[in-house]
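A short write-up of the structure that comes next.
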Amino acid sequence: MHIQQLKDKPPSFLAALVFLTLVPLYYVSYQYRLTHPYGGHEPARDNVFSSTDFVRDWLSTHVVSPFNPSALATYCNRTEWRPNLVFNLENANGGIGNVRGNTLDFLFFAIEAGASIILPGRATRSQEDISNVWAARAPFDSFFDEEWFMYNMAHSCPQMSIYKPEKHHKMVAPLPGNYLPHSRRIDSDVGNTKQAYLTHLSAWLADNPSFSAENLTLVNLERTLWDIDTRSLPMGFRRNFGQLLRINPTIRRLAGIVVLNLALTFRHNINPTAPIPRQAFYGAHLRTEADAQGAGWLNDAYSNFSAQTDAYIAQALHHKLKTIYVATGNSSDLERFRTKAATHRPPLNITSKFDLLPPNEAAALRELTWDQQALVDYEVLQRCSVFSGIVKSSFSYNVAMTRGQVLEDEGRVVDPWAVMHSEEGVAFDDGVSRILGRDGWHEQRIPRGMWP
Ligand SMILES: *[C@@H]1O[C@H](CO)[C@@H](O)[C@H](O)[C@H]1NC(C)=O
Ligand SMILES: *[C@@H]1O[C@H](CO)[C@@H](O)[C@H](O)[C@H]1NC(C)=O
Ligand SMILES: *[C@@H]1O[C@H](CO)[C@@H](O)[C@H](O)[C@H]1NC(C)=O
Ligand SMILES: *[C@@H]1O[C@H](CO)[C@@H](O)[C@H](O)[C@H]1NC(C)=O
Ligand SMILES: *[C@@H]1O[C@H](CO)[C@@H](O)[C@H](O)[C@H]1NC(C)=O
């Protein structure tokens with residue numbers, strides 16, 4: 001079932017859907033109770049209700065919470081707005097890590113310019129060749145929670161107009177060429193100020209013969225990735241800005257069911273309201289898919305299948321975690337990992353989203369695109385006890401950076417970069433997340449440039 005189609009269904013269909021999704025929950029609880037009758041050491045609660053409560057509580061908890069947009073509201077209030085200027089992002093692309101980065105950078109550049117925006121979509125990957133990330137286009141809500149975004153922008157940044165053109169709407173022609181915003185990485189050059197960016201933008205507009213400040217002007221922004229020094233901004237701004245982008249709730253719901261079934265199957269006592277539950281399960285991003293191989297990532301040190309899986313097993317054991325949730329788009333490598341972990345002494349259990357979804361939910365997930373399926377992993381991994389992924393993956397690094405915000409909120413920050421001096425082939429470790437491998441470009445761009 002496609003997300004876009006869901007929105008057009010009548011309420012009776014949605015009611016039927018809710019009913020149908022409760023049935024597998026009931027079934028799973030029932031099977032579980034057959035093998036684990038009441039009266040054991042499990043707390044006895046009504047099984048149907050405890051399952052739905054779990055999923056509801058898990059879904060109402062976000063890693064960075066509570067969301068507090070006051071710093072964003074202040075920033076927008078201090079901006080000089082130019083409603084005639086409209087920014088459009090034509091070329092956000094890739095998986096969630098990159099699209100999220102492109103979209104947030106774009107939004108930030110629009111806020112500083114005081115521009116309106118067109119609700120950004122993205123380019124989509126070819127299902128036949130996952131290394132082709134330019135195959136077609138998809139709207140904002142194919143990844144993100146549109147209602148949440150629109151609501152919060154309207155409340156915290158009401159000065160910005162957000163357009164969502166339909167096919168039949170006539171749009172003004174964009175100015176020729178894409179505008180590449182002047183970098184805001186003030187950490188790499190003290191000249192990269194807001195003023196320098198605005199001056200650069202004014203000069204680019206003035207250079208254009210068809211530009212007139214009185215008339216509506218559409219500007220296609222060239223995408224950027226991690227091009228703002230997020231740590232040069234007010235702390236509350238950096239902390240909350242990325243939370244404007246939440247995962248589409250229809251997809252995210254599957255992650256709640258995955259975690260419930262993981263808790264039932266492996267008998268972990270997971271608190272669904274804990275952003276990062278302690279001592280429950282290990283989350284590994286096994287990034288060995290064909291596109292990563294094609295890009296040569298697996299030839300780097302500490303990056304091939306055996307290096308990744310050795311490291312994940314060692315770290316899970318180090319943290320005394322016996323269940324490893326594996327996020328991967330490569331089913332054959334998932335089986336290899338499963339075999340490897342089972343022969344390990346002591347044996348470890350490997351599981352994944354398709355193992356943990358009841359058949360109808362798994363079928364719904366299979367209907368989604370490759371990058372949408374990964375959103376379920378993205379959500380589950382953010383909420384695992386200990387996480388690990390690889391340095392060249394923006395997906396991995398984004399999971400780690402968002403989890404790192406929880407430590408900052410709780411005042412538990414350890415220096416996540418100290419590990420580079422004590423261990424080989426590890427770029428980041430803050431105690432709840434570890435990033436394997438080394439890569440100069442990512443290590444320079446991400447720590448300050450990525451929005452948590
Ligand atoms: C915006 O700024 C003005 C002063 O410049 C202030 O009076 C007003 O309360 C601010 N509004 C918000 C929502 O912060
Ligand atoms: C602004 O728009 C008006 C009406 O479409 C047009 O007549 C005028 O030439 C435009 N100005 C510039 C500088 O393009
Ligand atoms: C999975 O990995 C294997 C090698 O480990 C590779 O041959 C295959 O193309 C990959 N499949 C996908 C779908 O990425
Ligand atoms: C995998 O990576 C490790 C560590 O970088 C290296 O020692 C090993 O030779 C590699 N294995 C293969 C099959 O390339
Ligand atoms: C976990 O792994 C062990 C060893 O392979 C196996 O005996 C056990 O059945 C697994 N547990 C589950 C719930 O799959």
ask   = Less than 4.5 Å apart, any side-chain heavy atom of Trp204 and any of Phe211?
value = no
task = Please tell me if the side chains of His182 and Leu201 come closer than 4.5 Å, counting only heavy atoms from C-beta onward.
result = no
Taking the six-membered ring of [Y] (Phe, Tyr or Trp), confirm whether the NZ or CZ of [X] is under 6.0 Å from its centre and within 45° of its axis.
X	Y	value
Arg246	Trp148	yes
Arg287	Phe395	no
Lys194	Tyr75	yes

I'd like to know if the side chain of [X] and the backbone of [Y] have a donor-acceptor N/O pair within less than 3.5 Å.
X	Y	value
Asp145	Ile247	no
Asn261	Leu356	yes
Ser385	Phe281	yes
Asp300	Ser303	no

Return the orientation label for the [X] and [Y] ring planes: parallel under 30°, perpendicular over 60°, tilted otherwise.
X	Y	value
Phe108	Phe237	perpendicular
His200	Tyr179	tilted
Phe144	Phe140	tilted

Does [X] have more than 12 heavy atoms from other residues, nucleotides or ligands lying within 6.0 Å of its [atom1]?
X	atom1	value
Phe67	CZ	yes
Met235	CE	no
His318	NE2	no
Glu410	CD	yes

task = Might you work through the side chain to side chain contact (heavy atoms under 4.5 Å, CB included) test for Leu368 and Ile251, ending with a clear yes or no?
result = CA-CA 9 Å; Leu368 301 176; Ile251 301 176; 4.1 Å; yes
message = Return the CZ to CD distance between Arg82 and Gln159, rounded to the nearest 0.5 Å.
response = 15.5 Å
key: Under-4.0 Å salt bridge between Arg185 and Asp187   = yes
